[in-house]
Colleague: 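The structure's right below; bear with me while I get my questions together.
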Amino acid sequence: MVLDFLEASGRHGRLWLVAGLIAGLTLPSVAAILRPWLPELVALLLFLSALRIGARAAVGRLEDTRRTVLTLAVYQVAMPLIALAVFAAFGVAETPLALAIVLMLSAPSVTGAPNFTALMGHDPAPAMRLLILGTALFPLTMLPVLWLAPGLGGIGVVILAALRLILVIAVAVALGFAVRAVAVPTPSDRQRRALDGLGAIVLAIVVIGLMSALGPALKETPAIVLGWLGAAVAVNFGLQALAFGLIREPGVAIVAGNRNIALFLVALPAGISDPILIFIGCYQIPMYLTPLVMRRLYGVGDL
């Protein structure tokens, strides 16, 4: 019974994500309850991703590691510095929107990227490699951006936040790999679909908590929120389309537009924290619609 439900949830995982977005906007009290549990839910999501993929596929070959490092150099260093240079050339580098975009580009992959990839039937291992290695290198890759972009807060605080995230990822992923090796070393197709379904349900719960600040803002200042939403959609989907056009690998392209910008919140000056929070809330919408909206671009995989 439970396996049947989870397998059905895996087949319709994109609907779970849409349901989570709607609940996050319309049920602010539920969102407020879930928000303190976000670290634990993210850890659970990482555990499920590692269990679904397995250590061998996640680590990959030496050639895969080299490609991952090169991709991260482009994603987390070159792209934000190019964006910062463009914004500076137009004299808008210190505007909230420019700062939000630069911070987003500097951040590593969101934890749900492997799940998004699996929900579209593609190999989630490249996205998992970018997530693990990108987060591990984040304390180093973010330094040039923080050095060149004025007024973003203390570097030490951001490094501590990144190190905490690295610890969470390391523990959750190690547990997932261990359970995979001991309990289901060669999962069946049905078990994979069930894990995809469970991951979709957890993703839906996570997004409710992430959008706790967006629902009230949408009621108070709808025009401002819609402006931020338009920017978030354009940046997220635009980067994915550009990356897929160049690389033709869904897992890698998904990470291009879906980054963990929330890592920077603790280091931002108070004067820009509110609009960045609204951007993060708006950013969840294209992020969680990725498996639904971008499915036609990436094609239907065969996992």
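Please read all numbers here as calculations on a predicted model, not as lab measurements.
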Colleague: CG/L292 to CG/L21 distance, rounded to the nearest 0.5 angstrom?
Modeller: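 Atom-to-atom, L292:CG and L21:CG are 10.0 Å apart.
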Colleague: Could you check whether any side-chain heavy atom of I261 comes within less than 4.5 Å of a side-chain heavy atom of L105, counting everything from C-beta outward?
Modeller: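 I261 does not reach L105 side chain to side chain.
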Colleague: Decide whether L44 and I33 are clustered together by the hydrophobic rule: side chain heavy atoms of Ile, Leu, Val, Met, Phe, Trp, Tyr closer than 4.5 Å, transitively.
Modeller: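 Per the 4.5 Å side-chain linkage, L44 and I33 are not co-clustered.
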Colleague: Give me the atom names and distance for the closest heavy-atom approach of P144 to L140.
Modeller: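 Closest pair (atom of P144, atom of L140, distance): CD-O, 3.5 Å.
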Colleague: Is the backbone of Q191 close enough, under 3.5 Å, to the side chain of S188 for a donor and an acceptor to pair up by distance?
Modeller: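 Yes; judged by distance alone, with no hydrogens or angles, the pair exists.
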Colleague: With heavy-atom distances below 4.5 Å as the criterion, would you say the side chains of I132 and V173 are in contact?
Modeller: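 Heavy-atom side-chain distance check passes, below 4.5 Å.
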Colleague: Looking at L242, I want to see if its CG is surrounded by more than 12 non-hydrogen atoms of other residues, nucleotides or ligands under 6.0 Å.
Modeller: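 Yes, CG of L242 has more than 12 neighbouring heavy atoms, counting only those of other groups under 6.0 Å.
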Colleague: Atom CD1 of I254 and atom CZ of F116: how far apart are they, to the nearest 0.5 Å?
Modeller: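 Spacing of CD1 (I254) from CZ (F116) equals 8.5 Å.
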Colleague: Would a hydrophobic clustering, with Ile, Leu, Val, Met, Phe, Trp and Tyr connected at side-chain separations under 4.5 Å, put I22 with W16?
Modeller: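 Yes; tracing contacts between hydrophobic side chains, which count when under 4.5 Å, links both residues.
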Colleague: For side-chain contact (heavy atoms from CB on, under 4.5 Å), just list the numbers for D123 and T117, CA-CA rounded to whole Å, side-chain angles, deciding distance to a tenth of an Å, and then say yes or no.
Modeller: CA-CA 7 Å; D123 182 11; T117 310; 5.8 Å; no
Colleague: Closest approach of S106 and P80, non-hydrogen atoms and distance?
Modeller: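 For S106 and P80, the tightest heavy-atom pair comes out as OG-CB, 3.3 Å.
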Colleague: Specify the closest pair of heavy atoms between M104 and L239, including all atoms of both residues, with the distance to one decimal.
Modeller: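 Shortest heavy-atom contact: CE-CD1, 3.9 Å.
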Colleague: Going by the side-chain hydrogen bond (donor to acceptor under 3.5 Å, both in side chains) test, which pairs reach into residues 235-250, not counting sequence neighbours?
Modeller: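 Sorted pair list: R67-E249, N236-Q240, N236-N258, Q240-T290, Q240-Y298.
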Colleague: Among V179, L198, L203, which residue meets the side chain to side chain contact (heavy atoms under 4.5 Å, CB included) test with L48?
Modeller: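 Option passing the side chain to side chain contact (heavy atoms under 4.5 Å, CB included) with L48: L198.
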Colleague: Is there a side-chain contact between V30 and I208, using heavy atoms and a 4.5 Å cut-off?
Modeller: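 The answer is yes, as the side chains (C-beta and beyond) meet within the 4.5 Å cut-off.
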Colleague: To the nearest 0.5 Å, how far apart are OG1 in T111 and CG in L46?
Modeller: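 Here the rounded value is 5.0 Å.
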Colleague: Just by distance, do the side chain of R180 and the backbone of R52 share a donor-acceptor pair under 3.5 Å?
Modeller: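 Indeed, once roles are kept as given, a pair shorter than 3.5 Å links the two residues.
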Colleague: Using side-chain contact (heavy atoms from CB on, under 4.5 Å), reason through V206 and V202 one step at a time and then give a plain yes or no.
Modeller: CA-CA 6 Å; V206 168; V202 176; 4.2 Å; yes
Colleague: Working to the nearest 0.5 angstrom, can you tell me the gap between Y283 OH and I101 CD1?
Modeller: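 Here the rounded value is 10.5 Å.
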Colleague: When you compare the side chain of V207 with that of L17, does any pair of heavy atoms fall below 4.5 Å?
Modeller: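 The answer is no, as the side chains (C-beta and beyond) never meet within the 4.5 Å cut-off.
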Colleague: Are any of the side-chain heavy atoms of V233 and L229 separated by less than 4.5 Å?
Modeller: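 Counting from C-beta outward, V233 and L229 do come under 4.5 Å.
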Colleague: Salt-bridged, D189 to R192, with N to O below 4.0 Å?
Modeller: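 Judged by the 4.0 Å cut-off on N to carboxylate O distance, D189 and R192 do form a salt bridge.
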Colleague: Mind checking whether F244 and V74 sit in one hydrophobic cluster, side chains of I, L, V, M, F, W, Y counted as touching below 4.5 Å?
Modeller: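 Shared cluster, yes.
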Colleague: Rounded to the nearest 0.5 Å, what separates atom OH in Y288 from atom CG in N115?
Modeller: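 Atom-to-atom, Y288:OH and N115:CG are 9.0 Å apart.
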Colleague: Using every non-hydrogen atom in the two residues, find where L119 and R295 come nearest and quote the distance to one decimal.
Modeller: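 L119 and R295 have their closest heavy atoms at O-NH1, 3.4 Å.
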Colleague: Looking at every heavy atom in both M128 and A50, which two are closest together, and how far apart are they?
Modeller: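 Minimum heavy-atom contact is CE-N, 3.6 Å.
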Colleague: May I ask you to test the P108-L131 pair for a side-chain heavy-atom distance under 4.5 Å?
Modeller: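 No; the side chains remain at least 4.5 Å from each other.
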Colleague: Roughly how far apart are K219 NZ and L25 CG, rounded to 0.5 Å?
Modeller: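 Atom-to-atom, K219:NZ and L25:CG are 10.0 Å apart.
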Colleague: Is there a donor-acceptor contact under 3.5 Å from the side chain of Q284 to the main chain of G281?
Modeller: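 Between the backbone of G281 and the side chain of Q284 there is no qualifying donor-acceptor contact (under 3.5 Å).
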Colleague: With hydrophobic residues grouped by side-chain heavy-atom distances under 4.5 Å, do L27 and L15 end up in a single group?
Modeller: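 Looking at the clustering, L15 is in a separate group from L27.
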Colleague: With hydrophobic residues grouped by side-chain heavy-atom distances under 4.5 Å, do F90 and L97 end up in a single group?
Modeller: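 Result: yes, single cluster for both.
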Colleague: Take N260 and T135 through the side-chain contact (heavy atoms from CB on, under 4.5 Å) test and state the conclusion after the steps.
Modeller: CA-CA 9 Å; N260 193 358; T135 305; over 6 Å; no
Colleague: Are W228 and P96 side-chain neighbours, meaning at least one heavy-atom pair lies under 4.5 Å?
Modeller: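 Side chain of W228 against side chain of P96, heavy atoms only: contact under 4.5 Å found.
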Colleague: Could you report the tightest heavy-atom contact between R259 and A256, atom names first, then the distance?
Modeller: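 Minimum heavy-atom separation between R259 and A256: NE-O, 3.3 Å.
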Colleague: With heavy-atom distances below 4.5 Å as the criterion, would you say the side chains of V252 and T71 are in contact?
Modeller: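 Yes. Closest side-chain heavy atoms under 4.5 Å.
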